[in-house]
K.L.:
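Before I ask anything, here is the structure I am working with.
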Protein chains: 2
Amino acid sequence: MQITSRFTIAVHIITALDYFKDRDRVNSEFLAGSVGVNPVIVRTVIGKLREAGLVHTLKGSSGAELAKPLDQITFYDIYKAVDSVNEDEGLFHFHEQPNTECPVGRNIHKAMDGRLAAIQNAMEEEMKRITLADVVDDTKAAILGEEK
Amino acid sequence: MQITSRFTIAVHIITALDYFKDRDRVNSEFLAGSVGVNPVIVRTVIGKLREAGLVHTLKGSSGAELAKPLDQITFYDIYKAVDSVNEDEGLFHFHEQPNTECPVGRNIHKAMDGRLAAIQNAMEEEMKRITLADVVDDTKAAILGEEK
DNA sequence: GATAGTTGTAATATATCACGTTACAGCATT
DNA sequence: AATGCTGTAACGTGATATATTACAACTATC
């Protein structure tokens with residue numbers, strides 16, 4: 001399994017919104033051209049970012065504006081915004097019908113739950129350490145590095 | 001998205017193999033009854049564990065024997081054994097066609113790759129800290145705790 | 001050594017989900 | 001008023017996870 005590409009698409013979009021912020025007509029079609037997906041995908045991802053309070057948009061009007069400075073938007077914020085993992089059930093899909101008439105089946109869930117949560121937490125804590133400023137800075141540096 | 005239930009099924013199976021090790025007829029049907037899935041699923045999961053060198057089995061003969069002590073089998077070992085995440089592409093599904101004619105599209109991948117790997121690594125390191133002995137101990141303790 | 005039990009694995013079915021695509025109402029811009 | 005854009009619904013499609021049937025090859029037991 002893999003975490004949905006909506007996550008990397010969202011990071012790509014925010015990076016592009018910053019990079020092209022002084023250019024006009026940064027609409028969903030333009031962004032879709034950069035990301036390489038359908039414009040509807042871009043609009044739905046931006047919709048999720050808006051719901052999460054990360055960007056502001058105006059219906060009928062091009063583009064989107066970041067709601068916070070880049071260094072205050074973390075990978076974790078985006079990961080939550082685009083529903084990367086099931087909110088209710090968590091990162092791990094537990095088999096759904098362990099047999100309650102078996103002592104192991106009856107107790108394995110509670111023996112594992114805390115540890116599965118710890119693993120997911122370790123991942124999420126690492127995501128909180130990474131900001132969009134990090135990615136934008138590195139992207140810009142890579143672009144400058146191309147010119148030789 | 002979620003990590004396949006084959007992971008928790010594998011942990012359940014190993015726990016049951018230990019718990020019921022002195023009982024005969026611990027075949028795939030018995031295990032399937034405890035886990036709550038089809039016996040063929042049990043046999044394929046055990047097959048993955050065998051390929052990874054975690055258990056020994058004998059074709060035509062019931063059950064499986066652990067190849068290592070429980071405290072030397074980590075969640076990470078099982079996670080790798082059952083192919084929980086795509087080996088080649090990693091935990092994150094990167095959108096596949098960023099536009100190479102766009103400076104952002106051309107550079108976003110390398111600006112993100114190292115950070116995505118760090119997140120996956122944080123998760124995997126946490127998995128290496130948890131052993132099957134931990135889960136088996138807690139499961140047995142929970143079973144004993146029931147008796148009152 | 002014949003019989004019954006079991007594994008390993010292929011083949012097929014089904015459900016779910018990610019992503020693509022079309023369509024269009026409603027709002028903004030000119 | 002005309003044009004462009006967003007937000008969102010609806011539907012299509014391919015990939016994947018899990019279930020299920022079937023059976024050859026092997027083991028255990030009598």
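Here is the naming used below: chain letters follow the sequence lines, and residue numbers restart at 1 for every chain.
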K.L.:
Tell me, do Ile119(B) and Phe75(A) make a side-chain contact under 4.5 Å, heavy atoms counted?
P.N.:
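A side-chain contact under 4.5 Å exists here.
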K.L.:
Are Lys21(A) and Asp18(A) ion-paired here, with the side-chain N under 4.0 Å from a carboxylate O?
P.N.:
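Result for this pair is yes, salt bridge flagged.
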K.L.:
Heavy atoms from C-beta onward define the side chain here; which of dT9(C), dT22(C), dG8(C) lies closest to that of Thr44(B)?
P.N.:
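Closest of the options to the side chain of Thr44(B): dT9(C).
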K.L.:
Arg25(B) side chain: which of dT6(D), dG7(D), dG5(C) is closest?
P.N.:
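Within the option list, the nearest is dG5(C).
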K.L.:
Is Thr4(B) close enough to dT16(D) that one of its side-chain N or O atoms is under 4.0 Å from OP1 or OP2 there?
P.N.:
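The answer is no; no side-chain N or O of Thr4(B) sits under 4.0 Å from OP1 or OP2.
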K.L.:
Among dT18(D), dT9(C), dT7(C), which nucleotide sits nearest the side chain of Val40(B)?
P.N.:
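It is dT9(C).
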K.L.:
Using 30° and 60° as the class boundaries, would you call the ring planes of Phe94(B) and His109(B) parallel, tilted or perpendicular?
P.N.:
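Judged by the thresholds at 30° and 60°, the geometry between Phe94(B) and His109(B) is parallel.
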K.L.:
Roughly how many Å is it from NE2 in His93(B) to C1' in dG14(D), rounded to a whole number?
P.N.:
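My rounded result for the distance is 13 Å.
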K.L.:
What is the minimum heavy-atom distance between Arg25(B) and Phe30(B), and which atoms define it?
P.N.:
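Minimum heavy-atom contact is O-CB, 3.7 Å.
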K.L.:
Specify the separation, in whole Å, of atom CZ of Phe94(A) and atom C1' of dA17(D).
P.N.:
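Taking CZ of Phe94(A) and C1' of dA17(D), I get 17 Å after rounding.
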K.L.:
Send over the distance from His95(A) NE2 to dA19(D) P, rounded to a whole Å.
P.N.:
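It works out to 11 Å between those atoms.
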K.L.:
If you check the Asn38(A) side chain, which of dT6(C), dT22(C), dT6(D) turns out closest?
P.N.:
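The answer is dT22(C), which lies nearest to the side chain.
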K.L.:
On DNA chain C, nearest-nucleotide positions of Ile46(B) versus Ile41(A): which is more 5'?
P.N.:
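Here Ile46(B) is the residue nearer the 5' end.
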K.L.:
Take atom CZ of Arg43(A) and atom P of dG26(C), then tell me their distance rounded to the nearest Å.
P.N.:
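That distance rounds to 16 Å.
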K.L.:
Just to confirm, is there a sub-4.0 Å distance from OP1 or OP2 of dT6(D) to any side-chain nitrogen or oxygen of Arg50(A)?
P.N.:
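Negative; the distance criterion is not met.
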K.L.:
Atom CZ of Phe30(B) to atom P of dT7(C): distance rounded to whole Å?
P.N.:
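Rounding to the nearest Å, CZ of Phe30(B) and P of dT7(C) are 12 Å apart.
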K.L.:
Taking CZ from Arg6(B) and P from dT18(D), how many angstroms apart are they, rounded to a whole number?
P.N.:
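Nearest whole value for this atom pair: 6 Å.
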K.L.:
Of the nucleotides dT7(C), dC5(D), dA17(D), which has the atom closest to the Asn27(B) side chain?
P.N.:
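Comparing dT7(C), dC5(D), dA17(D) against the side chain of Asn27(B), the answer is dT7(C).
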K.L.:
From CD of Glu29(B) over to P of dT6(C), roughly how many Å is that when rounded to an integer?
P.N.:
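These atoms are roughly 7 Å apart.
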